[in-house]
Protein chains: 2
Amino acid sequence: MVLKKAIFVRIGEVVKKAGVGPDTIRFYERQGLIQSLPSKDKTNTYRNYPEETLQRIAMIKQAQHAGFSIAEFSALIETIENPSADFFDADIFLQKKIDEIEERMRHARKFLKTLRATKNALSLTRS
Amino acid sequence: MVLKKAIFVRIGEVVKKAGVGPDTIRFYERQGLIQSLPSKDKTNTYRNYPEETLQRIAMIKQAQHAGFSIAEFSALIETIENPSADFFDADIFLQKKIDEIEERMRHARKFLKTLRATKNALSLTRS
DNA sequence: CAGAACCATTGACAATGGTCCATTGTTAAC
DNA sequence: GTTAACAATGGACCATTGTCAATGGTTCTG
């Protein structure tokens, strides 16, 4: 396995590369979605973010697009990164979410029908 | 056409039949999703809700399940109840929402792949 | 070394969709 | 006629996902 040198960057770098604001990054950190180390030289209090932070933020965005809240994403990540959990758990979690989204689609179509009926009722009333 | 006698009920009746709390009903009214008339005998200030309020609240619930916000629902209803708009407009609106939901599903599946990759990377790191 | 640019913390603010509380007024039941 | 149940209003409060502003310290640039 290739040894990867861990590279740490300050928040400004992450901002440039991840496309989110610094407040968002600090917010994610407060929520436990990402981690930083305090700076090596202790003359300042700047955060140090590892490279993976970028992928992690990309993942958060994906999760949100997929309809996950931060709490759900956290739960999922915890399951996945827990060595004792097997993949199955995360898979089930995700499948549940997909089912949920599919249900929402069914609801949307049903809603369409309701709307059509309403529209018809309205035009009858008017004529 | 059959003449329907308009029946008006007080908020408590709506609460019992619609399955939402009185605060929610008043909230919907403030948002313009439902309407009431002030009471006929003007010795009190009680709201009077027409029968259709029940269907309307059911519709709001459906809309929410389908992923509509109150603002979106309002816009949709306005379009539908506007006599000059033809049905097409509402249909387009709704289709856009369905597309949105479908996109969210695609995102969820993509997210699943990302998670699998992450999981694999993690187990490699550990072994 | 001055000043710009960066970073930290704290706390306030925003929108969304309600929910609860205190106070006051009305109606219904006994 | 008194009391319980119901209704109205106004304002506070909740979670979620950020965003902004004030204040003070650090680093970089010329």
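When reading the values below, keep in mind they use all heavy atoms of this one structure, side chains included, and skip hydrogens, waters and symmetry mates. Letters A, B, ... are given to chains in the order of the sequence lines, protein chains preceding strands, and every chain is numbered from 1.
Residue A/I101 is tested with B/R106, B/R104, B/R109, B/H107 for a side-chain contact (heavy atoms from CB on, under 4.5 Å); the sole match is B/R104.
One interatomic measurement links the two molecules: NE2 of B/H65 to P of C/dG17, which rounds to 14 Å at whole-angstrom precision. For the pair A/R26 CZ and C/dT9 P, the computed distance is 8 Å after rounding to whole Å. Regarding B/N48, its CG atom lies at a distance of 14 Å from the C1' atom of C/dT26, rounded to whole Å. Rounded to an integer number of Å, the gap from CD1 of A/I25 to P of C/dC7 is 9 Å.
Under the 4.5 Å side-chain contact rule for hydrophobic residues, B/M59 and B/V9 share a cluster. A continuous path of Ile, Leu, Val, Met, Phe, Trp and Tyr side chains, each step under 4.5 Å between heavy atoms, connects B/I70 with B/I80, placing both in one hydrophobic cluster. Clustering ILVMFWY residues whenever any of their side-chain heavy atoms sit less than 4.5 angstrom apart, transitively, puts B/M105 in a cluster other than the one holding B/F111. In terms of hydrophobic clustering, with Ile, Leu, Val, Met, Phe, Trp and Tyr side chains grouped at heavy-atom distances under 4.5 Å, B/I60 and B/I11 are assigned to a common cluster.
At a threshold of 4.5 Å between non-hydrogen side-chain atoms, the residues A/S36 and A/N48 do not count as touching. Side-chain contact check for A/I34 versus A/V14: every heavy-atom pair is 4.5 Å or farther apart.
Between A/Q95 and A/D99, the side chains place a donor N or O and an acceptor N or O closer than 3.5 Å (distance only, hydrogens not considered). No side-chain donor from either of B/Y49 and B/Q35 sits under 3.5 Å from a side-chain acceptor of the other.
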Could you go over nucleotides 18-20 of chain C and give all protein N or O partners under 3.5 Å, atom names and distances?
from	atom 1	to	atom 2	distance (Å)
C/dG18	OP2	B/Y28	OH	3.1
C/dG18	OP2	B/Q64	NE2	2.3
C/dT19	OP2	B/T24	OG1	2.5

Check the interface with nucleotides 1-3 of chain C: list each N/O to N/O pair with the protein under 3.5 Å, or write none.
none

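Chain A approaches DNA chain D over the interval D/dT17 to D/dT27, counting the first and last nucleotide 5' to 3' with an atom under 4.0 Å from its heavy atoms.
Taking all atoms of both residues into account, the shortest heavy-atom contact from B/A75 to B/F93 is CB-CE1, 3.8 Å.
Distances shorter than 4.0 Å separate none of the side-chain N or O atoms of B/N44 from OP1 or OP2 on C/dG25.
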*asked:* Assess the residue pair B/F27 and B/L33 against the criterion (side-chain contact (heavy atoms from CB on, under 4.5 Å)); give the C-alpha distance rounded to whole Å, side-chain angles, the decisive distance to 0.1 Å, and a yes or no.
replied: CA-CA 9 Å; B/F27 171 73; B/L33 300 186; over 6 Å; no
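Ranked by how close their nearest DNA chain C nucleotide is to the 5' end, A/R47 and B/F68 are led by A/R47.
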